[in-house]
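The figures that follow rest on heavy atoms only: side chains count, while hydrogens, waters and symmetry mates do not.
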Amino acid sequence: MTEDPQPQPRKVHHLNPRSLRGLAHPLRMRLLASLRLEGPATASQLAARLGESSGATSYHLRQLAEYGFVEDDPERGKGRERWWRSAHQGTRTDEDLIRDRDPEVQGALSTLLYEYAAQRAQEVNTWIATRHEWSQEWDEAADTSDYTLHLTPVQVRELGHKVSELMESYRDLAPEDGAPDAAQVRVHSHIFPTRPLADSD
């Protein structure tokens, strides 16, 4: 009796100041997101997906490759066009980067976060605009909840770790390829402090 192979750990790119500067560009972030969500592609295919010129996508793909975010796809790159794939399944912003007080680093980090927020808002808007194309079961299963809690920074960090662990645990529960009722699902997580709005007269 053979044992089931153990799942391979996800490859995650831990950002550093240099790679952050290489990624913190709206088109590069969109290119990387597309490769991760929709799979390998050529610069021309990505240009069509994103409404950009193939010259722009080709240039920024090479920049992403220089910083280690994308790489050639040897299984597909046998023709004239170069195929690209993401080199990792995820990107992580570590605490050292957040603590870095270099204005250039913090400016790049803000660009990264603003673009993440824009991408996620677009994903939600796309879901709302196309929910009528999905089954009633999917429409009822989807969720856009938000919560307001009163917590300390330590508790927020603990909450973030628990949410991340829960999300990761569902990777092992993924249905087999070809399951008719399965779909790629996006889960967004934002935890941040807020100040009450000023009282109005």
Side-chain angles (χ1 to χ4, degrees), residues 7-43 45-47 49-50 52 56-74 82-124 126 151-172 174 184-194:
Q8 295 296 313
R10 295 178 76 231
K11 292 175 64 177
V12 176
H13 181 100
H14 291 258
L15 289 173
N16 56 48
R18 180 180 181 275
S19 63
L20 170 64
R21 294 186 188 98
L23 179 61
H25 182 285
L27 181 52
R28 290 178 199 171
M29 293 179 66
R30 291 169 62 210
L31 288 166
L32 183 59
S34 182
L35 290 173
R36 286 181 178 168
L37 294 175
E38 301 174 80
T42 66
Q45 291 169 336
L46 287 163
R49 283 183 196 173
L50 303 179
E52 299 284 345
T57 56
S58 180
Y59 169 77
H60 287 292
L61 283 165
R62 291 194 301 272
Q63 291 298 303
L64 286 169
E66 181 178 335
Y67 289 96
F69 291 101
V70 303
E71 61 191 11
D72 289 309
D73 187 344
R82 190 175 186 181
W83 282 75
W84 298 92
R85 67 183 181 188
S86 174
H88 313 89
Q89 286 81 50
T91 302
R92 185 177 298 279
T93 305
D94 292 330
E95 294 171 358
D96 288 346
L97 197 62
I98 297 171
R99 294 189 185 113
D100 192 322
R101 293 296 93 193
D102 183 333
E104 190 174 339
V105 171
Q106 289 305 308
L109 184 56
S110 290
T111 297
L112 189 83
L113 295 175
Y114 277 123
E115 184 60 25
Y116 278 151
Q119 287 180 1
R120 291 164 188 173
Q122 182 59 53
E123 288 178 347
V124 174
T126 298
L151 302 172
T152 67
V154 171
Q155 289 173 317
V156 166
R157 187 180 306 231
E158 178 183 314
L159 175 60
H161 287 316
K162 286 184 176 180
V163 169
S164 179
E165 288 173 1
L166 178 61
M167 294 301 109
E168 291 297 329
S169 73
Y170 270 78
R171 294 189 191 281
D172 296 335
Q184 180 173 260
V185 172
R186 295 285 286 154
V187 181
H188 298 168
S189 174
H190 308 278
I191 307 175
F192 52 89
T194 61

On a heavy-atom basis, the closest approach of Q106 and D100 is NE2-O, 2.5 Å

Pair H25, T111 - check side chain to side chain contact (heavy atoms under 4.5 Å, CB included), show working. CA-CA 7 Å; H25 182 285; T111 297; over 6 Å; no

Is there a side chain to side chain donor-acceptor pair (under 3.5 Å) between T91 and R36? Walk through the geometry before answering. CA-CA 11 Å; T91 302; R36 286 181 178 168; 2.9 Å; yes

Hey, mind stepping through W84 and E71 against side chain to side chain contact (heavy atoms under 4.5 Å, CB included) and telling me if it holds? CA-CA 6 Å; W84 298 92; E71 61 191 11; 5.9 Å; no

Is the shortest side-chain heavy-atom distance between V12 and Q89 below 4.5 Å? no

With a 4.5 Å cut-off on side-chain heavy atoms, are T93 and L112 touching? yes

Heavy-atom pair of closest approach, residues A41 and R49: CB-NH2, 3.6 Å

R30 and S34: side-chain donor and acceptor closer than 3.5 Å? no

Under a plain distance cut-off of 3.5 Å, with no hydrogens placed, do E165 and S169 share a side-chain donor-acceptor pair? no

Can you tell whether the side chains of K162 and E158 come within less than 4.0 Å, N to carboxylate O? yes

Do L35 and L46 have side chains that get closer than 4.5 Å, going by heavy atoms? yes

Under the criterion side chain to side chain donor-acceptor pair (under 3.5 Å), I'd like the reasoning laid out for Q122 against T126: C-alpha separation, chi angles, the key distance, then a yes or no. CA-CA 6 Å; Q122 182 59 53; T126 298; 3.1 Å; yes

In Å, rounded to the nearest 0.5 Å, how long is the span from CD of E66 to CZ of R62? 10.5 Å

Lys/Arg-Asp/Glu bridge criterion (N-O < 4.0 Å) met for R99, D94: no

Tell me whether the count of non-hydrogen atoms from other residues, nucleotides or ligands lying under 6.0 Å of CZ in R92 goes above 12. no

May I ask you to decide whether E95 forms a salt bridge with R157, counting only side-chain N to carboxylate O separations under 4.0 Å? yes

Roughly how far apart are L159 CG and I191 CD1, rounded to 0.5 Å? 4.0 Å

Could you pull out the closest heavy-atom pair between L32 and S86, with the gap in Å? CD1-OG, 3.7 Å

Atom CG of L27 and atom CD of Q63: how far apart are they, to the nearest 0.5 Å? 11.5 Å

Full working for side chain to side chain contact (heavy atoms under 4.5 Å, CB included) between L37 and R186: CA-CA 10 Å; L37 294 175; R186 295 285 286 154; 3.8 Å; yes

Spacing of CG belonging to L50 relative to NE2 belonging to H60, to within rounding of 0.5 Å: 11.5 Å

Go through the side-chain N and O atoms of H188 and R120 and say whether any donor and acceptor fall under 3.5 Å apart. no

Give me the ring orientation class for F69 and H13: parallel if the planes are under 30° apart, tilted from 30 to 60°, perpendicular past 60°. tilted

Show the numbers, then the answer: is there a salt bridge (charged side-chain N to carboxylate O under 4.0 Å, His left out) between E168 and R171? CA-CA 5 Å; E168 291 297 329; R171 294 189 191 281; 2.7 Å; yes

Spacing of Y59 atom OH and L31 atom CG [to the nearest 0.5 Å]: 12.5 Å

